[in-house]
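A quick write-up on the structure given underneath.
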Amino acid sequence: MKKIFMLGALALFLMTSCSSDDSSDPVDNGNETGTVLLKKSIETDTDGYEYTNYFNYDGNKLTSVTDSEGGTINFYYENNLLVKIEYFEDGTITQRDLFTYDANNKLATSVILDLDEDWANKMLYTHNSDGTVSIEDYTGDLTEQTNLYGNGVVTYSNNNIVNYTLTSTGGNSVSSVYTFDSKNNPLKNMSAFDIFNLAYQEGGHNNTLSYTNEAYGESETTVYTYNSDNYPVTSTETDGNGDVTVTQYFYE
């Protein structure tokens, strides 16, 4: 079964494309943390449907995301480390993601539990001396995940994931390749943002300009406009089918 990723409320910020450098709408930086935090996004798809996400924080810890369709994502922390994410649709929990850490507070394991399908995905992380991260990818049910699906390697450049290659036990390799701008990701100041990126093998401190996965025949590009603090104000994403999604970003 294909791996489950974060709901669109967050995944949309690990985006793709060619960039436009406009300055508009300076950020209101009056929140209690003294850092720029994303408060709201409005996404309009190629058919004109509008989808809004609202981001709630405790300091710079993201505590929940709610959307205009009745969805909620809740985030839980222990000792300032993200340990659990729960997803709800109309009040019913549908997915739970769990995280553990090593002695250096680096991500050690992540488990994605699909509560609707009784299916789960577990990943074990090894942080290598060259800056890459090796991943053992297992699948199973909600109780145990012992079926080795494959082994992967995450490659970084400037705090951005530029390549994730997963080789299955059957020897087939699939690579996701990303390019980035040099501007600020809307969620870069969120506590545990780097953990989030590694756990879902995409994203970074900057904004994705292009994404390609030749094995799946997938590609995306995104054009951004920025405010005077170099955070995106809008993004226009075009996928390989020509479908366009426009997103507006609002900060506090």
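Quick note: residue numbers are just sequence positions, from 1. Hydrogens, waters and symmetry mates play no part in the numbers below; they use all other heavy atoms, side chains included.
- Of all heavy-atom pairs spanning N53 and V65, the tightest one is CB-CG1, 4.2 Å.
- In this structure, N74 and Y87 have side chains that are not in contact, with every pair of non-hydrogen atoms separated by 4.5 Å or more.
- A donor-acceptor distance shorter than 3.5 angstrom exists from the side chain of Q145 to the backbone of D141, with no hydrogens or angles considered.
- Side-chain atoms of T221 and T238 include no donor-acceptor pair closer than 3.5 Å.
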Apply the test side-chain contact (heavy atoms from CB on, under 4.5 Å) to residues L198 and H127: give CA-CA distance (whole Å), side-chain angles for both, the deciding distance (0.1 Å), then the verdict. CA-CA 11 Å; L198 177 55; H127 299 263; 3.7 Å; yes
Might you work through the side-chain hydrogen bond (donor to acceptor under 3.5 Å, both in side chains) test for N185 and N206, ending with a clear yes or no? CA-CA 5 Å; N185 186 290; N206 305 121; over 6 Å; no
Using side-chain contact (heavy atoms from CB on, under 4.5 Å), reason through D67 and Y54 one step at a time and then give a plain yes or no. CA-CA 6 Å; D67 65 48; Y54 302 92; over 6 Å; no
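- Residues I135 and Y164 approach most closely at CD1-CE1, 3.9 Å, considering heavy atoms.
- Residues L166 and V177 are members of separate hydrophobic clusters, defined by side-chain heavy-atom contacts under 4.5 angstrom among Ile, Leu, Val, Met, Phe, Trp and Tyr.
- Within the 4.5 Å cutoff, side-chain heavy atoms of T66 are placed close to those of T72.
- Looking only at distances, no side-chain donor or acceptor of E43 sits under 3.5 Å from a matching main-chain atom of S41.
- Side-chain contact check for N121 versus D137: some heavy-atom pair is nearer than 4.5 Å.
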Full working for side-chain hydrogen bond (donor to acceptor under 3.5 Å, both in side chains) between N163 and T165: CA-CA 6 Å; N163 186 290; T165 298; 2.7 Å; yes
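- Side-chain atoms of N241 never come within 3.5 Å of backbone atoms of D243 as a donor-acceptor pair (strictly under, hydrogens ignored).
- The cluster map of Ile, Leu, Val, Met, Phe, Trp and Tyr, joined by side-chain heavy atoms under 4.5 Å apart, puts Y224 and V244 in different clusters.
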Run the side-chain donor-acceptor check on residues 75-86: report pairs under 3.5 Å with partners two or more places apart or on a different chain.
from: Y76; atom 1: OH; to: E86; atom 2: OE1; distance (Å): 3.0
from: Y77; atom 1: OH; to: L62; atom 2: N; distance (Å): 3.3
from: Y77; atom 1: OH; to: L62; atom 2: O; distance (Å): 2.7
from: N80; atom 1: OD1; to: K61; atom 2: NZ; distance (Å): 2.8
from: E86; atom 1: OE2; to: R96; atom 2: NE; distance (Å): 2.8
from: E86; atom 1: OE2; to: R96; atom 2: NH2; distance (Å): 3.1

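- The closest side-chain heavy-atom distance from N151 to L148 is below 4.5 Å.
- The backbone N or O of G131 sits nowhere less than 3.5 Å from a side-chain atom of N128 that would complete a donor-acceptor pair.
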Going through the distances and angles, do F99 and L107 end up as a side-chain contact (heavy atoms from CB on, under 4.5 Å)? CA-CA 7 Å; F99 310 94; L107 185 65; 4.0 Å; yes
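- Checking side-chain atoms of S168 against main-chain N and O of G170 turns up a donor-acceptor pair under 3.5 Å.
- In this structure, K188 forms no cation-pi arrangement with F193, as its terminal cationic atom is not both closer than 6.0 Å to the ring centre and no more than 45° off the ring axis.
- When the side chains of ILVMFWY residues are joined at heavy-atom separations under 4.5 Å, either directly or via intervening members, Y211 and V162 end up in a single hydrophobic cluster.
- Using a 4.5 Å cut-off on side-chain heavy atoms (C-beta onward), Y138 and L124 make contact.
- The minimum heavy-atom distance between G59 and L37, with the atom names listed, is O-CD1, 3.6 Å.
- Counting heavy atoms from C-beta outward, K40 and L38 have side chains that stay 4.5 Å or more apart.
- Counting all heavy atoms, side chain and backbone alike, G203 lies closest to F180 at O-CZ, 3.8 Å.
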Any chance you could lay out the side-chain hydrogen bond (donor to acceptor under 3.5 Å, both in side chains) test for S64 and N56, step after step, and finish with the verdict? CA-CA 5 Å; S64 66; N56 304 294; 2.9 Å; yes
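- Counting heavy atoms from C-beta outward, K106 and Y101 have side chains that stay 4.5 Å or more apart.
- Under the side chain to side chain donor-acceptor pair (under 3.5 Å) criterion, S176 pairs with N213, not counting sequence neighbours.
- In this structure, S110 and Y125 approach most closely via the heavy-atom pair OG-OH, 2.6 Å.
- Between Y251 and Y231, a ring centre-to-centre spacing shorter than 6.0 Å is recorded.
- With 3.5 Å as the limit, one finds no donor-acceptor pair spanning the side chains of H205 and N197.
- Results of the side chain to side chain contact (heavy atoms under 4.5 Å, CB included) test with Q95 over I73, L115, I112 single out I112 as the only residue that passes.
- Of all heavy-atom pairs spanning E69 and D90, the tightest one is O-OD1, 3.9 Å.
- Between the side chain of N60 and the backbone N or O of T35, no donor-acceptor pair lies under 3.5 Å.
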side-chain contact (heavy atoms from CB on, under 4.5 Å) evaluation trace for L113 with L98: CA-CA 8 Å; L113 303 171; L98 305 173; 4.1 Å; yes
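- Annotation: side chain of E50 is in contact with side chain of I42 (closest heavy-atom distance under 4.5 Å).
- Looking only at atom types and distance, the side chain of S173 has a donor-acceptor partner in the side chain of T167 under 3.5 Å away.
- Taken from CZ in F196 to CG in D97, the straight-line distance is 9.5 Å, to the nearest 0.5 Å.
- For the atom pair D116 CG and I93 CD1, the distance stands at 10.0 Å (nearest 0.5 Å).
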Determine, step by step, whether T155 and T132 satisfy the side-chain hydrogen bond (donor to acceptor under 3.5 Å, both in side chains) criterion, reporting the C-alpha distance in whole Å, the side-chain angles of both residues, the deciding distance to 0.1 Å, and the verdict. CA-CA 5 Å; T155 302; T132 63; over 6 Å; no
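- Checked by atom type, the side-chain pair Y57/S191 shows no donor-acceptor distance below 3.5 Å.
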